[in-house]
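Here the structure comes first, spelled out in structure tokens, and everything after it is commentary.
All values below were derived from every heavy atom in this structure, side-chain atoms included, with hydrogens, water molecules and symmetry-related copies excluded. Note on naming: letters A, B, ... go to the chains in the order of the sequence lines (proteins, then strands), and numbering restarts at 1 for each one.
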Amino acid sequence: MRLDNMLLAEGVSGPEKGGGSAAAAAAAAASGGSSDNSIEHSDYRAKLTQIRQIYHTELEKYEQACNEFTTHVMNLLREQSRTRPISPKEIERMVGIIHRKFSSIQMQLKQSTCEAVMILRSRFLDARRKRRNFSKQATEILNEYFYSHLSNPYPSEEAKEELAKKCSITVSQVSNWFGNKRIRYKKNIGKFQEEANLYAAKTAVTAAHAVAAAVQNNQTNSPTTPNSGTYPARAIKHPEGQSVKEDPRWRPSEFGRAEEAAAP
DNA sequence: CTGTATGATTGTCG
DNA sequence: CGACAATCATACAG
């Protein structure tokens with residue numbers, strides 16, 4: 001009977017489902033551009049539907065065969081009842097035997113269906129097996145945060161949630177990403193120099209926005225500038241050799257911490 | 001097909 | 001529980 005519960009939980013033996021797909025569609029719509037996990041999820045559900053159909057048709061077949069066989073035996077017994085007395089008890093016993101036989105066959109069917117579902121799950125729901133890269137936009141956002149907090153790339157829980165929302169991934173994925181990024185950055189800083197410079201420049205531009213706004217607020221009237229709408233022409237200096245010489249041993253001390261609390 | 005990039009998992013430590 | 005390190009398994013580019 002555990003099998004029944006399992007199949008029910010997997011939606012194999014339950015009623016036809018339409019709500020699940022609606023929820024998935026809603027999630028996909030909410031996430032916007034990225035159809036990363038929803039595509040494979042729909043693939044998974046398609047396979048599950050297939051399994052369910054097979055299961056149902058087989059089950060029905062067995063049911064029918066059982067009924068046919070039962071009536072057949074009943075007819076035989078009725079035939080015999082003309083030559084010898086047949087007690088209702090005997091009939092009942094026969095029917096019981098037949099039903100037990102068929103139900104054991106059904107059990108086998110359930111078990112193999114169960115196995116199929118398990119295999120399907122391990123194949124499709126193990127994200128490690130079916131890895132998808134994040135969208136370009138998501139890595140953009142994550143990298144932006146990482147390099148603008150390079151001296152202390154440890155987003156708070158709140159920041160992680162924010163990033164997760166912006167990237168339409170989960171908080172765990174954000175944590176994973178930062179874990180991987182930190183270790184890999186530390187392991188080979190040279191390989192990330194280019195990227196670091198790139199994102200440093202990028203965030204410098206946004207920082208320049210803030211500075212420009214502040215300056216304007218103060219008094220200076222720059223010629224080209226009304227409010228926050230205009231892009232300040234690249235006045236960012238970009239040291240080629242060493243843009244990030246921050247000691248990347250984040251671990252024990254946080255001496256490089258206070259100076260850039262740039263979180264507007 | 002081969003090498004690298006990358007997201008996720010596992011085990012260890014504090 | 002979170003960070004780190006090693007590792008796995010796949011994606012993707014050449």
Rounded to the nearest angstrom, tell me the gap between atom [atom1] in [X] and atom [atom2] in [N].
| X | N | atom1 | atom2 | answer |
| --- | --- | --- | --- | --- |
| R184(A) | dA5(C) | CZ | C1' | 11 Å |
| W177(A) | dA8(B) | CH2 | P | 12 Å |
| K136(A) | dA5(B) | NZ | P | 13 Å |
| F178(A) | dC1(C) | CZ | P | 21 Å |
| R131(A) | dT10(C) | CZ | P | 10 Å |
| N180(A) | dG7(B) | CG | C1' | 6 Å |
| F134(A) | dA11(C) | CZ | C1' | 13 Å |
| F146(A) | dA3(C) | CZ | C1' | 14 Å |

Review item, nucleotides 12-14 of chain C N/O atoms under 3.5 Å of protein N/O:
{"residue": "dC12(C)", "atom": "OP1", "partner": "R132(A)", "partner atom": "NH2", "Å": "3.2"}
{"residue": "dC12(C)", "atom": "OP2", "partner": "R132(A)", "partner atom": "NH2", "Å": "3.1"}

Does [N] have OP1 or OP2 sitting under 4.0 Å from an N or O in the side chain of [X]?
| X | N | result |
| --- | --- | --- |
| Q173(A) | dG7(B) | no |
| K187(A) | dA6(C) | yes |
| Y154(A) | dC4(C) | yes |
| N176(A) | dA8(B) | yes |

Heavy atoms under 4.0 Å, any strand shown: does K160(A) hit a base, just sugar-phosphate, or nothing?
sugar-phosphate
Touch check for R182(A), heavy atoms < 4.0 angstrom, all strands: base, sugar-phosphate only, or nothing?
sugar-phosphate
Applying side chain to side chain contact (heavy atoms under 4.5 Å, CB included), run through K166(A) and E162(A) and close with a yes or a no.
CA-CA 6 Å; K166(A) 278 172 124 169; E162(A) 178 76 18; 4.2 Å; yes
Should K181(A) and E195(A) count as an ion pair when the cut-off is N to O under 4.0 Å?
yes
Whether the R131(A) and N133(A) side chains hold a donor-acceptor pair (N or O, under 3.5 Å, no angle test) is what I'd like checked.
yes
Tell me every residue that passes side chain to side chain contact (heavy atoms under 4.5 Å, CB included) with S104(A), counting only those two or more places apart in sequence or in another chain.
none
Please name all residues satisfying side chain to side chain contact (heavy atoms under 4.5 Å, CB included) with T70(A), sequence neighbours left out, ordered by chain then number.
C66(A), M74(A), V95(A), I98(A), H99(A)
Over 60° means perpendicular and under 30° means parallel, so classify the ring planes of Y185(A) and F146(A), tilted if in between.
perpendicular
Looking at CD of Q106(A) and CD of E58(A), how far apart are the two atoms once the value is rounded to the nearest 0.5 Å?
11.0 Å
